[in-house]
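Numbers here are sequence positions counted from 1. Counting starts at 1 for both ligands and their atoms, following the listed order.
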Amino acid sequence: MNIEQLIANYRAAGQGQVFAHWAALSEIERTALAGQAAEIDLAEVDRLNQSLVFKASGGGANLDGLAPAPCTRLPANGGDTAAWAKAKELGETALRAGRVAAFTVAGGQGTRLGYDGPKGTFAVTPLKQKTLFQVFAEKIKAAGLRYGRPLHWFIMTSHANHAETEEFFTTNRHFGLDKGRIHFFRQGRMPAVTFDGKIMLETKSSLALSPDGHGGSLRALDRSGALDLMKAEGVDTLSYFQVDNPLVRCVDAAFIGFHLGAGSEMSSKMVPKAYAEEKVGHFCLQDGRIVVVEYSDMPISMQRETNADGSLRYSAGSIAIHVIDREFARRMANGSDGLALPFHRADKKIATVDAAGRAVKPDKANGVKFEMFVFDAVPSARNSIVIETARGDDFSPVKNAEGVDSPKTCADDQLRQFARWLKGAGAAVETDATGRPRCAVEVSPLFGYDAETFTERWAALSPKPAVTDGLYLE
Ligand code: UTP
């Protein structure tokens, strides 16, 4: 790498401030800074400055011709029972054939939770305090056993948490999974810029870099060679979920079957919004395509619109669970067919240095981060479909340290799910008005990971244990 040329390029792009402290750096520091600087696509930063930073904020989403997206309803809500059964069969056939891999995006910074470590290493289960990664590992293992084909599991990390994540799996002996089938890869990163579009330093010798959003997963799958590996292994379908949601069905046969049956390139799960202004993306239809409109982009009046029967018109909330076709991911990643995910702007507090090189910890937003969102790929997908799922069976993320979507609400939702399974299988369980059991119980995914698998195992238990505090079924 020619450092002189690199610095000249930065100066020519109006980004010479990146090397402001160059004279005071050691050789090692210079090499580190130059390495990071060489990673940046200056033309891309310039384009983003023009389109996102220099423009007055709030360009707003295009809401022209928006209508609610069509959704496949659950049988309990009027969906076609036979269609669900057929989809499940189709999905199971794909799972038995080894066509499906699990895919977890775990490259986020988890700032709201404030936990020091990769989020997947955070303990979430009510009794055994299993970590998020362990819960997923056990669900993936159980599904592999059920379908007679161990699954490949792709895990996207960030530069910041990659080594720690791998180490965590090694220390835990990959939770009994074949380590040859767990694939870690890093997502890309983007520099933060000031409101004047200047690339920021985190220290005198490093850039303020952050992960490029969960939408970066499509590029990262391609760049890392993961898509080629899938192809070689006969995997053509990815079951995508986020690291913060232990309730998720890591692989859901019916969902996979609906996706495959429709010839869809990217499919999504939705839950009916809990209330009009719930902060979730909305599945909508626009120009014949499914799109996700964020709550912040949808006027409140639209969020509150109702149908003749009083139900919410825009009720399909996005919960970040998708099935993605391998070759669609490749097309999105390399921008062929003019397909590329857009970047979004997020104004954030970014730790940096002042002109004298002293550390600055801002107390209000002082710069802009650029992120891609995976749901922006939905409108580019052919035959995209949306299916309904029950919130209690698929979604209870840990986002915040306290309050909504916190470890407490998530543990309670797990307890409610275990109680529902137990009751459904005929066990006597005392619950409160919200369905939360009065005693702490836990079900290992290896015992049962949904109502069906649970009921099968419970039926085979003899004698059946009493449901009392501390009951752990494994
Ligand atoms: P969030 O939007 O909740 O972001 O990510 P976050 O970074 O984890 O948390 P906050 O906002 O700082 O509190 C949703 C999912 O997308 C992943 C996260 O790991 C999580 O599974 N993600 C997010 C990535 O993999 N990469 C990113 O760049 C951003």
Donor-acceptor contact below 3.5 Å, side chain Asp222 vs main chain Leu227: no
Side chain Gln36, main chain Leu207, donor-acceptor under 3.5 Å: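 Yes, Gln36 side chain to Leu207 backbone: donor-acceptor pair under 3.5 Å.
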Side-chain heavy-atom pair Gln17, Ile199 within 4.5 angstrom cut-off: yes
Show which side-chain atoms of residues 104-114 pair as donor or acceptor with protein atoms under 3.5 Å away, not counting sequence neighbours.
unit_1: Thr104; atom_1: OG1; unit_2: Trp153; atom_2: NE1; d: 2.7
unit_1: Gln109; atom_1: OE1; unit_2: Lys369; atom_2: NZ; d: 3.1

Parallel, tilted or perpendicular: rings of Phe169 and Phe184 (30°, 60°):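 Judged by the thresholds at 30° and 60°, the geometry between Phe184 and Phe169 is perpendicular.
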Closest non-hydrogen atom pair between Gly120 and Val243, with its separation: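 Residues Gly120 and Val243, closest heavy atoms: CA-CG2, 3.7 Å.
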Residues in contact with ligand 1, criterion: heavy atom under 4.0 Å: Val105, Ala106, Gly107, Gly108, Gln109, Gly110, Thr111, Arg112, Met156, Gln187, Pro211, Gly213, His214, Gln242, Val243, Asp244, Lys399
